J.: 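Sending over a structure as structure tokens; questions will come in a sec.
From a predicted model like this one, the values you see are computed outputs, not experimental measurements.
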Amino acid sequence: MPSLLTARKFLSEVIGIAEDELKRLGFRKSGGVYTYKINDTALGWVGLNTIAQRSDGRVGSNPMVGVVCIPIEALLQELTMTKDSRTNPTLSNVECTLLMRQWK
């Protein structure tokens with residue numbers, strides 16, 4: 001079973017590749033997520049969650065995609081009297097859990 005340090009290094013490399021591709025496609029990093037301006041009222045949203053330590057010795061990535069509807073999010077903040085600097089998706093979905101096989 002790989003060490004936790006090796007698993008984290010591997011995941012860091014995989015996420016680095018994904019980040020490079022997202023940036024190449026025009027996504028911008030905002031906090032821990034990536035956004036893409038669709039138009040003046042909507043953003044595409046991608047989160048790259050990772051799993052570094054599983055009981056079966058595998059590591060994984062759990063990508064999420066979503067859409068931010070800027071007017072709806074502004075209204076939610078107004079109605080709840082909150083100010084959230086994070087970019088939260090209005091609608092989102094976990095795409096799947098991608099598992100990388102145990103390596104030696």
J.: Any idea which heavy atoms bring Met64 and Ser92 closest together, and the distance?
T.: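 Looking at all heavy atoms of both residues, the closest pair is CE-OG, 3.9 Å.
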J.: Can you measure from OG1 (Thr90) to CG (Leu75) and round to the nearest 0.5 angstrom?
T.: 11.0 Å
J.: Please tell me whether Trp45 and Val65 are part of a single hydrophobic cluster in this structure, the criterion being side-chain heavy atoms less than 4.5 Å apart.
T.: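 Different clusters.
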J.: Are the side chains of Tyr36 and Leu25 in touch, meaning some heavy atoms are under 4.5 Å apart?
T.: no
J.: Are Tyr34 and Val67 linked, directly or through intermediate hydrophobic residues, by side-chain heavy-atom contacts shorter than 4.5 Å (ILVMFWY only)?
T.: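 Different hydrophobic clusters.
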J.: Rounded at 0.5 Å granularity, tell me how far CG in Leu79 sits from CD1 in Ile72.
T.: 11.5 Å
J.: Specify the closest pair of heavy atoms between Leu43 and Lys37, including all atoms of both residues, with the distance to one decimal.
T.: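 Scanning both residues, the minimum pair turns out to be CD2-CA, 3.7 Å.
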J.: Distance check, rounded to the nearest 0.5 Å: Ile15 atom CD1 versus Leu48 atom CG?
T.: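 If I round to the nearest 0.5 Å, the distance is 4.5 Å.
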J.: Report the residues that fulfil salt bridge (Lys or Arg N to Asp or Glu O under 4.0 Å) with Glu13, sequence neighbours left out, ordered by chain and then residue number.
T.: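 By the salt bridge (Lys or Arg N to Asp or Glu O under 4.0 Å) rule, Glu13 matches Lys9.
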J.: Identify the two heavy atoms, one from Pro89 and one from Gly66, that lie closest to each other, and give their separation to 0.1 Å.
T.: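 Scanning both residues completely, I find the closest heavy atoms to be CB-CA, 4.4 Å.
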J.: Per the salt bridge (Lys or Arg N to Asp or Glu O under 4.0 Å) rule, what does the pair list look like for residues 15-25, sequence neighbours excluded?
T.: Glu19-Lys29, Glu21-Arg24
J.: Let me confirm one number: the CG-CD1 distance from Asp40 to Ile70, rounded to the nearest 0.5 Å.
T.: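 Reported value, rounded in 0.5 Å steps: 7.5 Å.
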J.: Find out if a path of hydrophobic residues (ILVMFWY) with successive side-chain heavy-atom gaps under 4.5 Å connects Leu91 to Val94.
T.: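 No; Val94 is not reachable from Leu91 via cluster members.
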J.: Going by atom types alone, do Thr87 and Ser30 pair a side-chain donor with an acceptor below 3.5 Å?
T.: yes
